[in-house]
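The basis for the numbers below is simple: all heavy atoms, side chains too, and nothing from hydrogens, waters or symmetry mates. Letters A, B, ... mirror the listed sequences (proteins, then strands); counts begin at 1.
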Amino acid sequence: MPELPEVESLRRLLARSVIGRTIVSAQINEPRLRRAVAPDFRSAVGGRTIEGLRRRAKYLIVDLSGGSSMLVHLGMSGSLTHRDARFAPGQFDSRHDHVCFQLDDQSALVYNDPRRFGLLKLVPRGELDSTAELKAIGPEPIGEGFNVNYLMDKTRGRRAAIKTVLMDQRVVAGIGNIYAAEILFRAGVKPTRRAGRLTRLEAEQIVGATPAILREAIDSRGTTFRSYRDSRGRPGKFASRLKVYGRAGEPCYACSTTIRNTVVGQRASFYCPHCQR
DNA sequence: AAACATTCCTGCACGC
DNA sequence: TGCGTGCAGGAATGTT
């Protein structure tokens, strides 16, 4: 699931229900994620109050009392769901509910991740920006840092495909395979275009399309392409608004040309050969 | 049964 | 030669 819009949707939803709640206890059923959950994780979060929720790139940051923050990454298949007291017991997924946080109102925050590519890590709040996961992340795409001059600067001399560059977290934060495809369609730029050969006008189109697409996706609570669910277990609605992703063989909504799927940087890449140049 | 929403690592090629 | 950078490829893994 999880690119920037999904994580941002998750942050907003959880903010309503878990800020101010205290973690009574944490239960780790399976520590082997992308990297193993630290041995002291359980004791370090126990008794802490959730003071705030932030997002950086595709990471959810859970600020805890006592000065530490929990970095959460959902990998390919992760989800964090808030389960109501009355449903919590019966909803246990013994196979993939890897970490379970019991909150002080009898509800539970559950980290579920079938493929276990995700990450759960505690970091002293002051060290967040310099921690391995975040230190090299580029500017947020919704914000002034991601502008035309910046994109032109970052792409000059690069012969990688523009789509690959857009998905490079060091260039810009939070864009993955689905939204890169949608952004490039909106911008009218082929995913295979060499980044270094972007014209200024094309860079403007991309920089303009990026926050637009991401905002629309956030407003729809993200995309459920396969199995993503939000913090209340609901699918996102943006899937029905995808213009190219997953639509190979179907007609372009703008010009009826058949949408193609080609491999760019080892990732499936959908585009309209007529609308995108 | 091939494909897959993410990140991280290795190794090669190239240029200074 | 040595070093840094860019880029391709592959691995991690379970589900549909």
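Between T262(A) and S269(A), the side chains place no donor N or O within less than 3.5 Å of an acceptor N or O (distance only, hydrogens not considered). Inspection of the N149(A) and R200(A) side chains reveals an N or O donor paired with an N or O acceptor under 3.5 Å. In this model, no donor atom of one side chain and acceptor atom of the other lie less than 3.5 Å apart for R221(A) and S9(A). A side-chain donor-acceptor contact under 3.5 Å links E6(A) and Y179(A). Donor-acceptor pairing under 3.5 Å is recorded for the side chains of S220(A) and R241(A).
Between R158(A) and dC7(C) there is a side-chain N or O to OP1 or OP2 distance below 4.0 Å. Here H96(A) reaches the OP1 or OP2 of dT15(C): one of its side-chain N or O atoms lies under 4.0 Å away. Distances shorter than 4.0 Å separate none of the side-chain N or O atoms of R95(A) from OP1 or OP2 on dG14(C).
Of the two residues contacting DNA chain B, namely H73(A) and R115(A), the nearest-nucleotide position lying further toward the 5' end is that of R115(A). Along DNA chain B, the nucleotide closest to R159(A) and the one closest to G174(A) are compared, and the more 5′ of them pairs with G174(A).
Nearest heavy atoms, A180(A) versus K163(A): CB-CG, 4.1 Å.
We find that CZ of R170(A) is positioned 12 Å from P of dT7(B), with the value rounded to whole Å. In this structure, CE of M76(A) is placed 13 Å from C1' of dG10(C), rounded to the nearest angstrom. The interatomic distance linking D168(A) (CG) with dA8(C) (C1') rounds to 14 Å, in whole Å. Following rounding to the nearest Å, M167(A) (CE) and dC4(B) (P) show an atom-to-atom distance of 12 Å. If you measure from atom CG of N177(A) to atom C1' of dA3(B), you get 12 Å, rounded to the nearest angstrom. Remark: P of dT6(B) and CG of L33(A) are 17 Å apart, rounded to the nearest angstrom. In this structure, R34(A) atom CZ and dG14(C) atom C1' are separated by 17 Å, rounded to whole Å. Counting to the nearest Å, the P atom of dC9(B) and the CD atom of Q169(A) are 15 Å from each other.
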Chi angles and distances behind the salt bridge (charged side-chain N to carboxylate O under 4.0 Å, His left out) call for E182(A), R186(A): CA-CA 6 Å; E182(A) 296 300 308; R186(A) 178 82 56 100; over 6 Å; no
Per-nucleotide pairing state of DNA chain B [Watson-Crick or G-U, under 3.5 Å; [ ] pseudoknot-crossing; | other strand]: .|||.|||||||||||
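Listed by residue number, the members of residues 258-272 of chain A with any heavy atom below 4.0 angstrom from DNA chain B are R267(A), A268(A).
Within the cation-pi definition used here (under 6.0 Å to the ring centroid, within 45° of the axis), R21(A) does not qualify as a partner of F101(A).
Using a cutoff of 4.0 Å between basic side-chain nitrogens and carboxylate oxygens, D97(A) and R83(A) are scored as salt-bridged.
Side chain of F117(A), nearest nucleotide from dT7(B), dC7(C), dT13(C): dT13(C).
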